[in-house]
Chemist: 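Dumping the structure here so I can ask a few things about it.
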Amino acid sequence: MNKIAFPHMGDYYVPANYLLSHIFPKDIIIKAPKITNKTIEIGTKYSPDFVCTPFKYTLGTMIESLEEGANILVQMGGGCRYGYYAELQEEILKELNYKCKVINLVKEGVTSPKRINKLLKQIDKKYSKIKAIYYSFIAFKMVKYMDQIDDYIRKNIGFEIKKGSFESLKEEMLISFSYIKGYNDLKKTYKRYLKKFKNIKVRKPDNPIKIGIIGELYTIMEPFSNYYLEKALAQKGIEITRFTNVYYLLFQKAKKFKKYQKYSKNYFKYSMGADASDNIARCKYLCENKYDGIIHIKSSFCTPEIGAMPIINNLAAKYNIPVLFFSFDSATSETGVITRLEAFYDMLEMRRRK
Amino acid sequence: MKECYLGVDIGSISTKGVIIDEDNNIITSSYIWTEGNPTLAVRKLLNILKNKLPKEYILKGIGTTGSARKLIGLMLDANIVKNEITAHAIGTLTFHPDARTILEIGGQDSKIILLKNGIITNYAMNTLCAAGTGSFLSSQAKRLGIEVEEFGDYALKSKNPVKIAARCTVFAESDLVHKAGVGYPKEDIIAGLCKSIVLNYLNNVGKGKKIVKPIIFQGGVSKNKGVVKYFKEILKEDIIVDENGHLMGALGVAILAKKNKIGKTYSLEMKDLKFITKAFECHRCSNNCELLKIYKNDTLVDSWGSKCGKY
């Protein structure tokens, strides 16, 4: 029997788990344990030293799910070095004597229905295509709803009156999402929770301090890997805007590139790989829309973002908006992150007062 | 009775204490080594300050900053605990209201703070490693067999500083050993070391930051005349080194303590205070958080380090 697992990223295990368990109802889907220090320890131990941190995290979750008995691992590539990760991780796992199959849905940043069909057949020859299409549709909608709710939370969580109300409601929502029965049920559940979220009492000033977060996608989306940066900011009473989410990557990125290119044509001409050029355009957007500050986060050794950083620095200097750069590694000290964040907040507040 | 305020800056290498009066004048100050034990260092510091402080003053506020700010803040019941970047900027602005750039190289970290019209507009701090900071200088001084305080004088004697790889402390050290081995004079090596610290700082922390005068140089390393000389040479600007430069963090947080006073009266007496920390590792989940429990007079006042919030 197949035991399928996939690496963690943020809360997206809910739609992923939902999708896989409905396409392969006979197989077991293994939900990897939540990312902890142990995950990154294992990941770092078996990864090349200078590979970027997302590789270490995903390898860590893969090994943890193999320990739980998985024998098929589903992985997705990206538009940078990440595109080659699945193959490398497969080799590493082989050397460690794990018996498993790695299925890479997106290779070198591109994929096609044909390719996915072929790969899914490797898991189960008789899987139902119609079911797969239907449940993919639901899973993508779920991603969209989750991202919309997250955007709302990010704007308001810093001002909640009863601490923790957003977080606990979100957890409740994720549980309900994992048990929905079909598209209509999903839509109803989403609307119900949206209403509940809007009913959470907040005390928001007219013009709160606003920060935009840009940077490398995995580090942005997996809160453990950025030391819960958003949570720390929210506790200071800051409104947060973030552009990167899975919905954006799947459905909007390709369409938006031309628009971004035109919008910031003075700063880049060609795609710089992964989200680097998107981040330059977003930085310009944040500067023009009078945000108080920008935080750029990336994992160490993320090459596309390293290319974008000097441009972001110049751009922000031109508009006189402060940027805080963070480079997260498996060995970053949490105290250092907190000190820099505190100073950043103090600075923004001081700038506001004058 | 006159009111006064205490600022304590507990750094990785040294612990600084400043007591100011209502008009931000320094009444007394002290500078001692932390020696890896912040609580003991602060006890010593307060003892020194207590003896130095004239009797007519009463303490109305305490502020802490530096890497052990949270712990000492708890120990002293401080009314404000602030990060060192903000504290340094505020301290410096009281003495140099027109300052535009603060260069700071301390024991373990280095930072640059850009100011305009009396507010911080941008800052950066070294990431990942402590290359080019005070602790590197002091370890190299030991290797060369001279006191770190004499470093600057040696550097000034040199006419021909050797080139030392500035990127990384480990490479710098092997470069240094090599240069010493082939027979370069000590002062040239020391001058090269001072220069490499400046280059490392400007390439690392100061990268992409526009350095505008007046420039103020602070932190323990600012006492090193060699480093000051090369900063002047490379930036082609005048560098101001304040004689109280090492106290700016403590001073800044003392000013903040004054601004945020809560009407409580403090004492510098520490004899009766029992303050212990106990460390242990939690094994409830695979996060294995390192937890620290803090006991003040045998009651648990706080515990840190838990990811899930159980403690």
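What you see is a predicted model, and the numbers here were worked out from it, not measured in a lab. Letters A, B, ... mirror the listed sequences (proteins, then strands); counts begin at 1.
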Chemist: Have A:E68 and A:S65 got a donor and an acceptor in their side chains that come within less than 3.5 Å?
Modeler: no
Chemist: For A:F326, is it the side chain, the backbone, both or neither that has a heavy atom under 4.5 Å from a heavy atom of chain B?
Modeler: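 Neither the backbone nor the side chain of A:F326 comes within 4.5 Å of chain B.
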Chemist: Name the atoms and distances for all side-chain donor-acceptor pairs under 3.5 Å in residues 33-40 of chain B, with sequence neighbours left out.
Modeler:
{"unit_1": "B:T34", "atom_1": "OG1", "unit_2": "B:G11", "atom_2": "O", "d": "3.1"}
{"unit_1": "B:T34", "atom_1": "OG1", "unit_2": "B:I13", "atom_2": "O", "d": "3.3"}
{"unit_1": "B:T34", "atom_1": "OG1", "unit_2": "B:S14", "atom_2": "N", "d": "3.3"}
{"unit_1": "B:T34", "atom_1": "OG1", "unit_2": "B:S14", "atom_2": "O", "d": "3.2"}
{"unit_1": "B:T34", "atom_1": "OG1", "unit_2": "B:T15", "atom_2": "N", "d": "3.4"}
{"unit_1": "B:T34", "atom_1": "OG1", "unit_2": "B:T15", "atom_2": "OG1", "d": "2.9"}
{"unit_1": "B:N37", "atom_1": "OD1", "unit_2": "B:T39", "atom_2": "OG1", "d": "3.1"}
{"unit_1": "B:N37", "atom_1": "OD1", "unit_2": "B:L40", "atom_2": "N", "d": "3.3"}

Chemist: Quick one: closest heavy-atom pair of B:A124 and B:K209, and the distance?
Modeler: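 B:A124 and B:K209 have their closest heavy atoms at CB-CE, 3.8 Å.
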Chemist: Between B:K296 and B:D77, does at least one N-O distance fall below 4.0 Å, as a salt bridge requires?
Modeler: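 B:D77 and B:K296: salt-bridged.
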Chemist: Which residues, numbered in order, of residues 81-99 of chain B come under 4.5 angstrom of chain A by heavy-atom distance?
Modeler: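 Residues in range: B:K82, B:N83, B:E84, B:I85, B:T86, B:I90.
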Chemist: So, for B:Y201 and B:I102, which heavy atoms are closest and what is the spacing to 0.1 Å?
Modeler: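 Closest pair (atom of B:Y201, atom of B:I102, distance): OH-O, 4.2 Å.
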Chemist: For the side chain of A:Y13 and the backbone of A:A32, is there at least one donor-acceptor N/O pair under 3.5 Å apart?
Modeler: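 No, because the side chain of A:Y13 does not come within donor-acceptor range (under 3.5 Å) of the backbone of A:A32.
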Chemist: Are A:E342 and B:R69 within salt-bridge range, i.e. N to O under 4.0 Å?
Modeler: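 Yes.
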Chemist: Salt-bridged, A:K170 to A:D11, with N to O below 4.0 Å?
Modeler: yes
Chemist: Given the ring of A:Y291, does A:K210 sit roughly above its face, with NZ or CZ under 6.0 Å from the centre of the six-membered ring and within 45° of the axis?
Modeler: yes
Chemist: Under 3.5 Å, is there a donor-acceptor pair between the side chain of A:D292 and the main chain of A:I209?
Modeler: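 A pair under 3.5 Å: no.
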Chemist: Looking at A:T36, A:I40, A:L348, which makes the most heavy-atom pairs under 4.5 Å with chain B?
Modeler: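 The answer is A:T36.
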Chemist: B:T121: which residues meet the side-chain contact (heavy atoms from CB on, under 4.5 Å) condition with it, sequence neighbours left out?
Modeler: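 With sequence neighbours excluded, B:T121 shows a side-chain contact (heavy atoms from CB on, under 4.5 Å) to A:R351, B:L114, B:K116, given in chain and number order.
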Chemist: Which residues from residues 314-324 of chain A are near chain B, with near meaning under 4.5 Å between non-hydrogen atoms?
Modeler: A:P322, A:V323, A:L324
Chemist: Look at A:F224, A:Y228, A:F344 and state which one has the largest set of heavy-atom pairs under 4.5 Å with chain B.
Modeler: A:F344
